[in-house]
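When reading the values below, keep in mind they use all heavy atoms of this one structure, side chains included, and skip hydrogens, waters and symmetry mates. Whatever order the structure lists ligands and atoms in, that order sets their numbers, starting from 1.
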Amino acid sequence: MPHKHDPFFPPPGHDHRSCASEAIAAAETICQDRGSRLTALRQRVLEAIWEGHRPLGAYDILARLNRNGGRNAPMAVYRALDFLMDHGLVHRLASRNAFIGCRHPGDDHSAQFLICDSCGSVAELASDDVHKTIGRAAAKKGFAVTSETVEITGHCPNCNPS
Ligand SMILES: [Zn+2]
Ligand SMILES: [Zn+2]
Ligand SMILES: [Zn+2]
């Protein structure tokens with residue numbers, strides 16, 4: 001899926017509304033194509049995640065949903081997150097136990113996450129080379145990879161201008 005709006009680490013002050021609206025539109029298309037329903041709650045969870053480029057924990061998401069007096073339960077949020085992950089719309093960051101919107105929904109991709117220690121932004125590397133290198137290195141040791149988590153911390157270009 002092509003991105004009109006794809007600086008890798010969007011600079012502060014970028015037009016984030018277009019990031020968010022593109023992501024929601026892509027989610028609607030993907031759900032439609034698969035005969036799944038992006039219910040109101042699922043959409044609101046996705047919108048909460050897309051309020052920025054920083055990962056959010058389930059309870060942060062819940063707090064955003066309920067900030068205007070909503071009464072959503074944690075289980076409902078977890079179920080919505082499961083749905084969004086199953087459809088490749090959201091990724092879970094194991095090291096933070098937090099969730100981030102996928103920038104390549106609908107594309108079959110491996111994901112490596114670059115996590116900025118300064119501003120907390122996360123970008124998805126989606127490098128097939130890295131993925132294959134890990135698979136090959138593991139296979140050489142007789143190890144069959146079934147799942148792969150690559151999370152790299154450092155400083156993003158907005159925090160570390162070079
Ligand atoms: Zn943005
Ligand atoms: Zn992704
Ligand atoms: Zn940063």
**Q** For the Zn ion (ligand 1), which N, O or S atom of His16 is at the shortest distance?
**A** ND1
**Q** When the ring planes of His14 and His53 are compared, do they come out parallel, tilted or perpendicular, using 30° and 60° as the limits?
**A** tilted
**Q** Give a yes or no on whether a salt bridge exists between Asp128 and Lys132, defined as a side-chain N under 4.0 angstrom from a carboxylate O.
**A** yes
**Q** I need the SG(Cys116)-the Zn ion (ligand 3)-SG(Cys119) angle, rounded to 10 degrees.
**A** 110°
**Q** From the N, O or S atoms in Glu124, identify the one nearest to the Zn ion (ligand 2).
**A** OE2
**Q** So, does Gln43 use its side chain to make a donor-acceptor pair with the main chain of Ile24 at under 3.5 Å?
**A** no
**Q** Can you name the closest pair of heavy atoms from Cys102 and Trp50 and give their distance?
**A** O-CZ2, 3.5 Å
**Q** Before moving on, can you tell me the angle at the Zn ion (ligand 1) between the NE2 atom of His14 and the NE2 atom of His53, to the nearest 10 degrees?
**A** 110°
**Q** Within rounding of 10°, what is the angle whose vertex is the Zn ion (ligand 3) and whose arms end at SG of Cys159 and SG of Cys156?
**A** 110°
**Q** Is Arg67 salt-bridged to Glu51, cutoff N-O under 4.0 Å?
**A** yes
**Q** What angle sits at the Zn ion (ligand 2) between NE2 of His109 and NE2 of His91, to 10°?
**A** 110°
